[in-house]
Amino acid sequence: METVVLNNEMQLSYPDGFHVMSEEELSKMTFYGEAPGWCISDPERHIDLSVSWKKTNGLFAKILNTREIAKNMEAQIRKPMGQYGYRLDSFLEKELGGRRADGYLYAYEVQGTGMAGESLYLKNGSTFYYIHCYFRDALRDASLPVLDEIFGTVNWK
């Protein structure tokens, strides 16, 4: 297991087989609102996980909740992802290091390959975290426990 601290406050560990993505790999990804971000990939398991974060002013952070963010973000991707056969599987709630994360699980298809994703949103103080995971839909039953193992390691500094 490797351990990393993101944004000087979110600590998580990830299992062997994952590597931190190179600048070249990252250049193919877009982070929400050009926020800072970090990504790992396990090419053998076909799993990518990205975390980005954005600090907001205190009032904005108090008004917004992660359940509303998850619903709004899902609505934003639904239409453009329609061309890829997007389907929402479910909304979900998880706990990451004592913080509530809200999100959704979905599936889509790219170049004939069934893909799935899990997107989670959480806040720590006035910082919002955006976590996106991508994996092969055919490997869903093997991928979700790996992601849950990673999420179970989250601690806050």
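If you read the sequence from its start, that first residue is 1, and numbering goes on from there.
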Asks: Report yes or no: does Asn65 contribute a side-chain atom to a donor-acceptor pair with the main-chain N or O of Glu68 at less than 3.5 Å?
Replies: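 Yes; at least one donor-acceptor contact below 3.5 Å.
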
Asks: Can you pull out every ring pair (Phe, Tyr, Trp, His ring centres under 6.0 Å) where at least one residue sits in residues 62-82? Sequence neighbours excluded, please.
Replies: none

Asks: For residues Val20 and Glu25, report the shortest heavy-atom separation together with the two atoms involved.
Replies: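 Between these two residues, the closest heavy atoms are O-OE1, 4.4 Å.
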
Asks: Look at atom CD of Glu44 and say whether more than 12 heavy atoms of other residues, nucleotides or ligands are closer to it than 6.0 Å.
Replies: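 No, because the 6.0 Å sphere around CD of Glu44 holds 12 heavy atoms or fewer from other groups.
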
Asks: Sequence neighbours excluded, which residues qualify as ring-ring contact (aromatic ring centres under 6.0 Å, His included) partners of Tyr14?
Replies: Trp38

Asks: Which pairs with one or both residues in residues 136-145 pass salt bridge (Lys or Arg N to Asp or Glu O under 4.0 Å), sequence neighbours excluded?
Replies: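 Applying salt bridge (Lys or Arg N to Asp or Glu O under 4.0 Å) to every pair that reaches into residues 136-145, excluding sequence neighbours, yields Arg87-Asp137, Asp89-Arg140, Asp137-Arg140.
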
Asks: Please name the pair of heavy atoms, one in Thr66 and one in Arg100, separated by the smallest distance, quoted to 0.1 Å.
Replies: OG1-O, 4.0 Å

Asks: Start with the C-alpha distance between Arg67 and Phe91, add both sets of side-chain angles, then the distance that settles side chain to side chain contact (heavy atoms under 4.5 Å, CB included), and finish with yes or no.
Replies: CA-CA 9 Å; Arg67 181 174 288 155; Phe91 283 98; over 6 Å; no

Asks: How many angstroms lie between atom OG of Ser90 and atom OH of Tyr104, to the nearest 0.5 angstrom?
Replies: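 The OH atom of Tyr104 is 12.0 Å from OG of Ser90, to the nearest 0.5 Å.
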
Asks: Excluding sequence neighbours, so at least two apart, what forms side-chain hydrogen bond (donor to acceptor under 3.5 Å, both in side chains) with Lys79?
Replies: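 Scan of Lys79 (side-chain hydrogen bond (donor to acceptor under 3.5 Å, both in side chains), adjacent residues dropped) gives none.
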
Asks: Side chains of Lys157 and Asn8, heavy atoms from C-beta outward: is any pair under 4.5 Å?
Replies: no

Asks: Please name the pair of heavy atoms, one in Leu49 and one in Cys133, separated by the smallest distance, quoted to 0.1 Å.
Replies: CD1-SG, 3.8 Å

Asks: Does a side-chain heavy-atom distance below 4.5 Å link His46 with Phe135?
Replies: no

Asks: Apply ring-ring contact (aromatic ring centres under 6.0 Å, His included) to Phe18 and list each qualifying residue two or more places apart in sequence or on a separate chain.
Replies: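 Checked Phe18 against ring-ring contact (aromatic ring centres under 6.0 Å, His included); zero matches.
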
Asks: Taking atom CD1 of Ile131 and atom CG of Leu12, what is their separation to the nearest 0.5 Å?
Replies: 8.0 Å

Asks: Could you list the donor-acceptor pairs under 3.5 angstrom formed by side chains in residues 144-156, with sequence neighbours left out?
Replies:
from	atom 1	to	atom 2	distance (Å)
Asp148	OD1	Lys94	NZ	2.5
Thr153	OG1	Ser13	N	2.8
Thr153	OG1	Ser13	O	3.2
Thr153	OG1	Ile150	O	2.7
Asn155	ND2	Thr153	O	3.3
Trp156	NE1	Leu96	O	3.2
Trp156	NE1	Gly97	O	3.4

Asks: Is there a path from Ile40 to Leu6 through hydrophobic residues (I, L, V, M, F, W, Y) whose side chains come within less than 4.5 Å of each other?
Replies: yes

Asks: Glu2: what forms a salt bridge (Lys or Arg N to Asp or Glu O under 4.0 Å) with it, not counting sequence neighbours?
Replies: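 Per chain and number, Glu2 pairs via salt bridge (Lys or Arg N to Asp or Glu O under 4.0 Å) with no residue.
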
Asks: Using 0.5 Å steps for rounding, measure from the OH atom of Tyr86 to the CD1 atom of Ile77.
Replies: 4.0 Å

Asks: Could you pull out all residues at least two apart from Glu109 that satisfy side-chain hydrogen bond (donor to acceptor under 3.5 Å, both in side chains)?
Replies: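 If we apply the side-chain hydrogen bond (donor to acceptor under 3.5 Å, both in side chains) test to Glu109, skipping adjacent residues, there are no hits.
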
Asks: For the residue pair His132 and Tyr121, does the interplanar ring angle fall in the parallel (under 30°), tilted (30 to 60°) or perpendicular (over 60°) class?
Replies: perpendicular

Asks: What pairs with Tyr108 under side-chain hydrogen bond (donor to acceptor under 3.5 Å, both in side chains), at least two apart in sequence or on another chain?
Replies: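 Listed in chain order: nothing, the list is empty.
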
Asks: Starting at OH of Tyr130, measure out to OG of Ser50 and round the result to the nearest 0.5 Å.
Replies: 12.5 Å

Asks: So, taking the atom named CG in Leu122 and the one named CD1 in Ile69, what distance separates them when rounded to the nearest 0.5 Å?
Replies: 9.5 Å

Asks: Between Leu92 and Leu120, is there a side-chain heavy-atom distance shorter than 4.5 Å?
Replies: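 A side-chain contact under 4.5 Å exists here.
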
Asks: Return the set of residues passing side chain to side chain contact (heavy atoms under 4.5 Å, CB included) with Pro80 (not counting sequence neighbours), or none when no residue passes.
Replies: none

Asks: Just to verify, what does Ser41 make a side chain to side chain contact (heavy atoms under 4.5 Å, CB included) with, not counting sequence neighbours?
Replies: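 Per chain and number, Ser41 pairs via side chain to side chain contact (heavy atoms under 4.5 Å, CB included) with His19, Met21, Pro43, Asp48.
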
Asks: Any chance you could measure Tyr134, atom OH, to Ser119, atom OG, to the nearest 0.5 Å?
Replies: 5.5 Å

Asks: Taking Trp53 as the starting point, is it possible to reach Val4 by hopping between hydrophobic residues whose side chains are less than 4.5 Å apart?
Replies: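 Yes.
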
Asks: Once salt bridge (Lys or Arg N to Asp or Glu O under 4.0 Å) is applied, do any residues pair with Arg78, and if so which ones, sequence neighbours excluded?
Replies: Glu74

